[in-house]
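For reference, positions follow the sequence shown, starting with 1. All values reported here derive from a predicted model rather than from experimental measurement.
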Amino acid sequence: MVLTFSSFSTVRVKAGNGLLTYSIQFPAEFRGTLQGLGGDGDTNPSNDLFFPSGVHMAANASEHDIFPLASAWRTNSTVSLFTYPAASSWSTYQNVDFVPIFFDANLTRMFGDINRLSILSQAIDICCGSACNGSDPNSALRSECYFDIAASGDLALGSATMSDKQTLDASKSALSNFPPAIWNTDRIQVVAGQTFQLTINVTDDQTALSDLVFSLNADKPANLTLTGSLLKWIPVDSVTDANITIIVSDKQGAKATWTPRVQLCLCKNGATCQYDGVSDASFLCSATLRPASGLQGPQFSGRAARTRAVPVWPLPRGSSGRRQGVLRRERVSRSEEHVSTPRAVCQLARQLRVCMQARLSPRQRQQILHRHQ
């Protein structure tokens with residue numbers, strides 16, 4: 001049975017072998033504010049033993065000394081949360097004269113005092129495992145298991161107690177574990193046809209980096225690989241929506257994900273990728289505008305050389321570039337570029353105080369250039 005309260009505190013109760021086993025979990029904001037046999041919950045076990053009056057007991061006190069403290073926290077009929085059958089009450093279930101046996105790290109003495117030495121070796125196998133070979137030098141770590149077997153004489157009860165303890169320890173470990181942290185920026189900038197490499201920058205305070213597991217989303221783009229923390233990709237021109245998610249997991253299954261924004265540049269023929277401040281892929285490319293030999297400054301004079309159109313980024317099949325304004329003019333007989341991409345045309349126009357919209361048709365570009373040649 002699991003009880004969850006409005007404070008998000010959780011109580012798990014399990015019935016078995018004639019006993020009730022329970023565990024309690026509570027939110028972090030309750031740390032240091034609790035009272036009772038479980039201590040104040042501040043994660044410091046050295047101050048967990050205290051009476052209702054607030055008087056503390058030494059953390060290394062023996063069970064004989066702790067027993068009076070436990071009795072001081074006994075409920076009464078006023079504060080009990082239980083309901084009772086007819087003709088019974090809180091006092092029906094109380095035995096104020098009961099004195100239990102106490103755990104003793106010397107298991108031979110503990111089991112011998114109650115005439116149960118005959119099951120001690122079996123108890124060690126159950127609580128410590130066969131690897132202990134009949135002796136448990138750290139029996140205090142498994143005191144609950146030994147105590148239940150010694151008190152009841154029931155080996156099955158000790159086995160159930162050990163199983164519950166392992167489940168609780170695993171739950172506590174998972175709750176205290178934090179996922180890895182990924183520190184890369186929120187975007188990656190890549191060029192079609194060129195190899196891109198990036199090291200995933202990860203930290204984890206609780207897991208060695210060599211124990212972290214790196215993986216990619218199932219629908220990753222083609223040519224994308226992840227070897228350890230090294231990401232490699234050769235993007236292709238046809239990529240339209242690159243969905244990349246890096247997943248980093250620790251040994252306990254806690255995960256961190258990183259989904260960067262991908263800026264894919266399709267520039268070619270010497271054009272330069274312009275990433276910053278650009279949201280439209282058709283404006284990602286620019287080329288340098290150089291005057292032809294013998295011409296002076298941005299206001300060309302003389303006869304213009306014969307030119308040809310060269311796209312600076314891939315065009316859709318059958319496209320002339322008129323819609324996007326993506327052509328660059330290149331001299332046929334010389335290496336100098338005579339007419340540039342929209343960005344360079346706009347730069348030229350600014351110098352002439354005639355800055356125009358960057359989305360220009362080929363005719364509009366020619367008109368600007370011829371007007372100032």
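- Two residues are said to be in side-chain contact when any heavy atoms from C-beta on lie closer than 4.5 Å; Val191 and Phe196 fail this criterion.
- Within 6.0 Å of atom CG in Asp42, more than 12 heavy atoms from other residues, nucleotides or ligands are found, so the atom counts as buried in its surroundings.
- Under a hydrophobic-cluster definition in which Ile, Leu, Val, Met, Phe, Trp and Tyr are linked whenever side-chain heavy atoms come within less than 4.5 Å, directly or via other members, Leu20 and Leu3 are assigned to the same cluster.
- Side chains of Asn184 and Asn201: a donor-acceptor N/O pair is absent below 3.5 angstrom, by distance only.
- Counted by atom type alone, Asp65 and Ser62 present one or more donor-acceptor pairs between their side chains at under 3.5 Å.
- Inter-residue side-chain proximity for Thr4 and Val2 is flagged as met; some heavy-atom pair is nearer than 4.5 Å.
- There is a path of hydrophobic side-chain contacts, each under 4.5 Å, that joins Ile101 to Leu107.
- Across all non-hydrogen atoms, the minimal contact from Ala105 to Ser139 is O-OG, 3.1 Å.
- Heavy-atom contacts from other residues, nucleotides or ligands closer than 6.0 Å to OH of Tyr22 number 12 or fewer.
- Here CG of Leu141 is found 7.0 Å from NZ of Lys165. Values are rounded to the nearest 0.5 Å.
- Considering Leu157, Leu120, Ile119 as possible partners of Ile149, the one that fulfils the side chain to side chain contact (heavy atoms under 4.5 Å, CB included) test is Ile119.
- Side chains of Ser80 and Thr75: no donor on one and acceptor on the other come within 3.5 Å.
- Here the side chains of Ile66 and Met57 are in contact, with some heavy-atom distance below 4.5 Å.
- Ser9 is listed as a side-chain neighbour of Pro27, based on a closest heavy-atom distance under 4.5 Å.
- Summarising the local packing, CG of Asp205 is surrounded by 12 or fewer heavy atoms from other residues, nucleotides or ligands at distances under 6.0 Å.
- Scanning all heavy atoms of the two residues, the minimum distance from Ile126 to Met162 falls at O-CG, 4.1 Å.
- In this structure, OG on Ser143 lies 12.0 Å from CG on Asn138, to the nearest 0.5 angstrom.
- Across all non-hydrogen atoms, the minimal contact from Ser135 to Ile124 is N-CG2, 3.9 Å.
- Distance check: Ile182 CD1 to Ser229 OG gives 11.0 Å after rounding to the nearest 0.5 Å.
- In terms of heavy atoms, Val236 sits closest to Leu264 at O-CD2, 4.1 Å.
- Taking a cutoff of 4.0 Å between a charged side-chain nitrogen and a carboxylate oxygen, Arg109 and Asp104 qualify as a salt bridge.
- One hydrophobic cluster holds both Trp90 and Phe82 under the rule that ILVMFWY side chains link at heavy-atom gaps under 4.5 Å.
- Between Leu226 and Lys232 there is no side-chain heavy-atom pair separated by less than 4.5 Å.
- Going from atom CZ of Phe103 over to atom CE of Met110 covers 6.0 Å, rounded to the nearest 0.5 Å.
- The shortest side-chain heavy-atom distance between Ile244 and Thr259 does not fall under the 4.5 Å cut-off.
- The aromatic rings of His64 and Phe102 are tilted relative to each other, their planes meeting at an angle between 30° and 60°.
- Under 3.5 Å, the side chains of Tyr146 and Asp136 contain a donor-acceptor pair of N or O atoms.
- The shortest distance between side-chain heavy atoms of Leu212 and Val202 falls below 4.5 Å.
- The backbone N or O of Thr167 sits nowhere less than 3.5 Å from a side-chain atom of Asp164 that would complete a donor-acceptor pair.
- Within the 4.5 Å cutoff, the side chain of Gln206 has no heavy atoms near those of the Asp250 side chain.
- For Ser159 (side chain) and Leu155 (main-chain N/O), no donor-acceptor pair under 3.5 Å exists by modelled atom type.
- Scanning all heavy atoms of the two residues, the minimum distance from Glu29 to Thr33 falls at O-CG2, 4.5 Å.
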Candidate pair Thr203 and Trp183, rule side-chain contact (heavy atoms from CB on, under 4.5 Å), full reasoning: CA-CA 8 Å; Thr203 58; Trp183 299 101; 2.8 Å; yes
For Phe26 and Phe8, what are the C-alpha separation, side-chain angles and deciding distance, and is it a ring-ring contact (aromatic ring centres under 6.0 Å, His included)? CA-CA 7 Å; Phe26 51 85; Phe8 298 104; over 10 Å; no
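- A distance-only check finds no donor-acceptor pair linking the side chain of Arg187 to the backbone of Val262 [under 3.5 Å].
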Given the rule in the side-chain contact (heavy atoms from CB on, under 4.5 Å) test, do Gln94 and Thr92 qualify, once you have shown the distances and angles that lead to the verdict? CA-CA 6 Å; Gln94 302 299 312; Thr92 306; over 6 Å; no
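- Linking ILVMFWY residues whenever their side-chain heavy atoms come closer than 4.5 Å, directly or via other members, places Leu37 and Phe50 in the same cluster.
- Listed for the Thr207 side chain is no donor-acceptor partner under 3.5 Å among the backbone atoms of Asp204.
- Under 3.5 Å, the side chains of Asn217 and Asp219 contain a donor-acceptor pair of N or O atoms.
- Once rounded to the nearest 0.5 Å, the distance linking NZ of Lys220 with CG of Leu231 reads 10.0 Å.
- A donor-acceptor pair under 3.5 Å is absent between the side-chain atoms of Trp233 and the main chain of Val190, judged by distance alone.
- Scanning all heavy atoms of the two residues, the minimum distance from Pro180 to Ala256 falls at O-CB, 3.1 Å.
- How far CH2 of Trp258 is from CD1 of Ile200: 4.5 Å, rounded to the nearest 0.5 Å.
- Ile24 is connected to Phe5 through a chain of hydrophobic side-chain contacts under 4.5 Å among Ile, Leu, Val, Met, Phe, Trp and Tyr, so both are in one cluster.
- Between Tyr84 and Tyr93, the gap from one ring centroid to the other is short of 6.0 Å.
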